[in-house]
Amino acid sequence: MKILVINAGSSSLKYQLIDMENESVLAKGGCERIGIPGGKLTHKACGGSYVLEQEMPNHTDAISLVLKALTDGVGGQGAVISSMDEIDAVGHRVVASGEAFKKTTLVDDEVMKTMDVIAELAPLHNPAAILGVNACRAVMPGKKMALVFDTSFHATMPDYAYLYAIDYDDYKAYHVRRYGAHGTSHKYVSGEAARYLGKDIGELKMITCHLGNGSSISAVKGGKCIDTSMGFTPLAGVPMGTRSGDIDVAAIDYLCHKKGMTMDEGLNYLNKKCGVLGISGISSDFRDLEAAEAAGNDRARLALDMFAYGCKKYVGAYMAVLGGLDVLVFTAGIGENTPEIREKIVGGLEAFGIVLDSARNSMKNDGTIHEISAADSRVKVLVIPTNEELVIARETAALL
Ligand code: AMP
């Protein structure tokens with residue numbers, strides 16, 4: 001069975017064609033500048049990387065180019081299937097499900113009507129996913145398609161964890177609550193951690209730290225999420241590349257007033273101009289910040305310290321809600337690649353049974369799982385490369 005995974009953004013789109021027989025990636029790539037002059041498709045397959053520069057006025061054009069690359073290659077190279085009939089189904093990544101969808105869902109007209117209604121819950125992300133689904137339905141009519149939600153893994157949170165302490169009637173009327181994000185990643189790494197340790201996931205208490213440009217931390221008990229740091233939107237939780245993370249909302253009202261910003265402008269500010277970028281004034285990229293800290297820049301040091309401190313607080317809180325901890329997992333760009341940040345987060349938690357082995361922690365990410373805890377650490381600390389596309393493909397295949 002071959003599954004095409006689509007992750008559509010507003011002007012870009014990423015894809016992978018996965019053969020579920022052995023879960024191998026047959027081809028992957030992306031389209032950039034959809035609807036903007038300078039369209040470009042990058043297609044990686046058969047050991048090569050091929051670029052096609054061509055305008056893509058809309059997502060339907062982009063999907064058509066992707067299918068052409070898969071069936072005919074780019075410049076005749078990198079074809080991996082002979083026709084689109086070989087694609088058994090398409091799995092679409094969707095950021096927000098609201099309360100309308102609790103699990104992976106097959107696409108039909110009714111489902112897409114509901115998707116239109118809940119689009120306002122994630123205005124930065126869901127409308128792009130809808131464009132991607134509609135484009136695929138136009139180019140591949142009749143093909144089975146699944147929506148795989150970033151929020152589904154968090155649907156198991158208990159009510160006292162997902163509710164905000166607002167008027168309950170407003171929660172019921174407007175569905176304002178914690179939904180979380182990065183669910184496919186938290187699900188993947190928690191499953192991989194149990195598999196790597198040879199333990200029954202049902203027995204394990206885990207904290208999974210997905211630390212990338214967007215970062216979220218989840219408490220996972222017996223394989224089920226019981227709490228997560230992102231909230232109604234991905235703005236909540238730890239400080240991130242450009243997002244503030246948790247902040248007193250009254251401070252926003254005050255800032256908007258002082259800076260003459262509307263609420264929309266205030267939210268844009270919190271999403272795009274804050275986080276480690278705002279604190280450092282240098283970059284949202286942790287590689288730049290580590291270089292600046294090493295060169296003596298104190299605001300880069302401060303940004304990194306605030307990030308690690310924010311993560312440490314969630315680790316501590318989630319140890320409390322889990323009633324202990326067996327496994328701590330780091331994943332995503334920062335989680336997989338920055339020993340210094342892992343050290344800052346975990347340092348000082350020895351009293352809670354978490355001890356790093358600094359030699360193991362400084363290992364280079366080679367795309368495999370690494371155990372970085374010391375031999376005498378009660379809690380296993382693992383670095384696990386995430387694979388959100390594989391989860392989307394597995395969920396889509398399972399639904400068929
Ligand atoms: P992601 O959103 O998962 O792609 O993660 C992006 C973040 O990971 C950026 O802040 C990068 O600086 C950081 N990152 C990615 N690769 C590395 C690396 N090799 N070394 C240090 N940081 C990295």
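Whatever order the structure lists ligands and atoms in, that order sets their numbers, starting from 1. By convention here, the first residue in the shown sequence is residue 1. Atom set for the values below is all heavy atoms of this structure, side chains included, hydrogens, waters and symmetry mates excluded.
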A.B. asks: Do any pairs count as a ring-ring contact (aromatic ring centres under 6.0 Å, His included) and have a residue in residues 337-369, sequence neighbours left out, and if so which ones?
C.D. replies: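 Qualifying pairs: none.
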
A.B. asks: Side chains of Ser283 and Asp285: any donor to acceptor distance under 3.5 Å?
C.D. replies: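 No, no side-chain donor-acceptor contact under 3.5 Å.
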
A.B. asks: Less than 6.0 angstrom from the centroid, inside 45 degrees of the normal: does Arg177 satisfy that with respect to the ring of Tyr171?
C.D. replies: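 No, Arg177 does not lie over the aromatic ring of Tyr171.
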
A.B. asks: Any carboxylate oxygen within less than 4.0 angstrom of a Lys/Arg side-chain nitrogen, looking at Lys144 and Asp88?
C.D. replies: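 No, no charged N to carboxylate O under 4.0 Å.
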
A.B. asks: Give me the other members of the hydrophobic cluster that Met306 sits in, counting Ile, Leu, Val, Met, Phe, Trp and Tyr linked by side-chain heavy atoms under 4.5 Å, directly or via other members.
C.D. replies: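 Via sub-4.5 Å side-chain contacts, Met306 links to Ile279, Leu302.
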
A.B. asks: Where does ligand 1 get N/O contacts under 3.5 Å from the protein, atom by atom?
C.D. replies:
unit_1   : atom_1 : unit_2 : atom_2 : d
ligand 1 : 2 (O)  : Asn213 : N      : 2.8
ligand 1 : 3 (O)  : Gly333 : N      : 2.9
ligand 1 : 5 (O)  : Asn213 : N      : 3.4
ligand 1 : 8 (O)  : Ile334 : N      : 3.3
ligand 1 : 10 (O) : Phe286 : N      : 3.0
ligand 1 : 12 (O) : Asp285 : OD1    : 2.4
ligand 1 : 12 (O) : Asp285 : OD2    : 3.4
ligand 1 : 12 (O) : Phe286 : N      : 3.0
ligand 1 : 12 (O) : Arg287 : N      : 3.3
ligand 1 : 12 (O) : Arg287 : NE     : 3.4
ligand 1 : 16 (N) : Asn337 : ND2    : 3.3

A.B. asks: The criterion is salt bridge (Lys or Arg N to Asp or Glu O under 4.0 Å); which residues satisfy it with Glu23, sequence neighbours excluded?
C.D. replies: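 Scan of Glu23 (salt bridge (Lys or Arg N to Asp or Glu O under 4.0 Å), adjacent residues dropped) gives Arg394.
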
